[in-house]
Amino acid sequence: MKMSIVGTGYVGLVAGVCFADVGHEVICVDNNEEKIRRLKDGQIPIYEPGLSDILKSCQSRIEFTTDIGKAVESCSVIFIAVGTPEKADGNADLGPTLQVIDSICKAATVKKYIVLKSTVPIGTAKELSAYIDQKTKIPHEIINNPEFLKEGAAVEDFLRPDRVVIGCKTKEGKNIMEELYAPFVKNGHPIYFMSNISAEMTKYAANSFLSVKISFINELAALADTVGADINDVRKGFTSDKRINPAFFYPGVGYGGSCFPKDVQALIHTAKKNHQTMDIEAAADAVNDKQKLVLFEKVKNRFGDLKGKHFAMWGLSFKPRTDDVREAPALYLLRALTKAGATVTAYDPVATETAKAYFDAPFGLAESTVDATKDADALLIVTEWNEFRNPDFAKIKNNMKNSIIFDGRNCLSIPDVLKNGFEYHCIGRGIATTETSL
Ligand code: NAD
């Protein structure tokens with residue numbers, strides 16, 4: 001089938017490449033000329049494992065352009081995957097989506113199926129449909145197809161989705177989406193058809209629940225730190241109950257990224273508009289705000305005055321296997337440390353360029369994990385990249401002023417750290433300083 005996708009970012013590009021990979025003909029549109037230039041050159045402008053290889057194998061079926069008019073003219077199915085960032089009032093900003101809708105209305109001469117892949121507030125499809133009816137007499141159907149991929153595993157998630165959710169109104173809309181997704185659900189992965197509004201709400205329900213899971217375990221970890229329990233043992237103990245899925249239940253430095261923070265806010269905002277409250281989601285959000293500064297609080301408790309102190313920071317991206325630094329906990333930590341008079345040298349395997357562009361607090365950059373630790377009063381681990389899990393303790397110890405590690409992701413083994421003579425602060429496992437605290 002021929003289709004276009006407007007918005008060639010973390011979602012749109014992965015979707016476009018995967019649709020092309022299974023045989024569809026795809027036109028990817030973006031208004032960022034530099035991005036499209038690089039894609040035409042065969043370069044991938046984001047870091048997403050596996051994406052580059054698939055693009056190579058389906059290059060004949062995918063086209064990149066800034067010309068949305070051309071894409072609208074030649075395809076009856078147009079996906080929208082532009083950003084829906086948070087506005088100051090907590091609602092999602094539909095400005096980029098409306099820009100695309102305007103362009104579609106201008107260029108369309110026959111019926112168009114407009115598929116909202118972006119995460120849009122509950123009720124958006126209905127509102128956009130009324131908006132389009134006012135602008136043009138060309139018939140249309142708006143379909144919701146929220147995306148559930150995880151950055152860092154996006155290709156695998158798209159090719160083998162847990163489920164595909166479609167919100168649509170007509171048989172034709174349903175048939176089109178069935179045909180598009182048939183290759184991805186051959187192995188029994190379900191497609192759930194529902195109303196537009198239910199599909200919109202499903203996406204917010206998923207992200208809010210995951211945020212609640214993270215804040216729940218983080219809150220327990222704080223209590224474990226205080227009372228002297230080990231959150232890893234507690235986690236194993238309570239998640240082995242069949243009713244509690246253990247996945248995605250690890251304590252850390254809080255959730256970030258371009259989805260959870262804004263989606264929780266958008267859901268709270270939608271409830272408010274409908275004279276309701278979302279108390280659990282609001283609590284998850286508040287716990288997360290505190291959690292983003294958990295390492296800062298631990299560092300302050302350990303050192304007191306941070307003026308003149310210097311720290312090594314491992315990890316800038318909001319999670320491993322991505323260069324995405326939007327709302328990354330590293331940024332909140334960096335802001336707090338520099339405000340308190342400390343300096344930071346950071347290392348990240350792929351996110352240094354994005355961090356330089358996005359972060360508004362000063363930091364130095366190192367070429368390697370070991371280089372980052374030079375003259376550091378302590379090492380702070382913020383993202384659980386695999387290469388941080390087995391450090392060369394002798395080299396970093398030699399480099400550092402003090403042998404102290406604050407591990408915001410519990411990615412080191414307590415016996416290893418202690419054997420190598422480090423003081424170790426982690427999340428929900430107390431402070432390990434001697435072998436006896438094992
Ligand atoms: P992104 O910022 O990476 O990509 C958006 C792209 O849209 C950018 O390349 C931008 O240049 C382009 N764009 C903006 N306005 C445009 C316009 N008028 N015309 C053409 N192109 C335009 O965003 P993303 O992370 O891919 O997220 C897109 C949507 O998918 C959001 O609603 C997000 O909430 C949702 N989502 C994201 C993820 C994720 O992991 N990133 C997962 C699921 C859902």
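Side-chain atoms are counted along with the backbone in the values below, which use heavy atoms only and exclude waters and symmetry mates. When a ligand or atom number is given, it counts from 1 through the structure's own listing order.
Taking every non-hydrogen atom of A81 and a distance limit under 4.0 Å, the qualifying atoms of ligand 1 come out as 5 (C), 28 (C). Remark: ligand 1 atoms within the under-4.0 Å shell around heavy atoms of P96 are 15 (N), 18 (N). Every atom of ligand 1 with a heavy atom of Q99 under 4.0 Å away is listed here by number and element: 17 (C), 18 (N). When each atom of ligand 1 is checked for a heavy atom of T84 under 4.0 Å away, the hits are 31 (C), 32 (O), 34 (O). Atom numbering of ligand 1 starts at 1 in the shown order; those under 4.0 Å from a heavy atom of S258 are 25 (O), 41 (N). Here is the list of ligand 1 atoms found below 4.0 Å of a heavy atom in L149: 40 (O), 42 (C). Residue-ligand proximity, K35 to ligand 1, at heavy-atom distances under 4.0 Å covers atoms 8 (C), 9 (O).
Relative ring orientation between F249 and F216 is described as tilted, the plane-to-plane angle lying within the 30° to 60° band. The aromatic rings of Y181 and F19 stand perpendicular to each other, their planes meeting at an angle above 60°, with 30° marking the opposite boundary.
Among protein heavy atoms, the minimum distance from atom 17 (C) of ligand 1 is reached at N31 ND2, 3.2 Å. With hydrogens left out, the protein atom closest to atom 29 (C) of ligand 1 is V82 O, 3.4 Å, a heavy atom. Given atom 34 (O) of ligand 1, the protein heavy atom at minimum distance is K262 NZ, 2.6 Å. If you check which protein heavy atom lies closest to atom 40 (O) of ligand 1, you get E151 OE2, 3.2 Å. Here the protein heavy atom with the shortest distance to atom 5 (C) of ligand 1 is G83 N, 3.7 Å. Of the protein's non-hydrogen atoms, T119 OG1, 3.5 Å is the one closest to atom 35 (C) of ligand 1. Looking at atom 43 (C) of ligand 1, its nearest protein heavy atom turns out to be E147 O, 3.2 Å. Scanning the protein for heavy atoms near atom 2 (O) of ligand 1, the closest one is R326 NH1, 3.1 Å.
Checked against side-chain contact (heavy atoms from CB on, under 4.5 Å), Y250 has the following partners two or more places apart in sequence or in another chain: R235.
Counting only non-hydrogen atoms, the option in L13, V11, V120 that gets closest to atom 26 (O) of ligand 1 is V11.
Remark: R160 is not positioned above the aromatic ring of F184, lacking an NZ or CZ atom under 6.0 angstrom from the ring centre and at most 45 degrees off the axis. Cation-pi check for K117 over F79 is not met; the charged atom does not lie both under 6.0 angstrom from the ring centroid and within 45 degrees of its normal. A cation-pi arrangement is found for K174 relative to F193, the charged atom lying closer than 6.0 Å to the ring centre and inside a 45° cone about the ring normal.
At a heavy-atom cutoff of 4.0 Å, ligand 1 is contacted by no atom of K150, backbone or side chain. Both the backbone and the side chain of D30 come within contact range of ligand 1, each with a heavy atom under 4.0 Å.
No more than 12 heavy-atom neighbours from other residues, nucleotides or ligands sit within 6.0 angstrom of CD on E33.
A salt bridge does not link K203 with D263: none of the charged nitrogens is closer than 4.0 Å to a carboxylate oxygen.
With E48 contributing its side chain and T322 its backbone, the two residues share no donor-acceptor pair below 3.5 Å.
Contact of the F148 side chain with the R163 side chain is registered, since non-hydrogen atoms from C-beta on lie closer than 4.5 Å.
For Y347 and W314, the gap between ring centers reaches or exceeds 6.0 Å.
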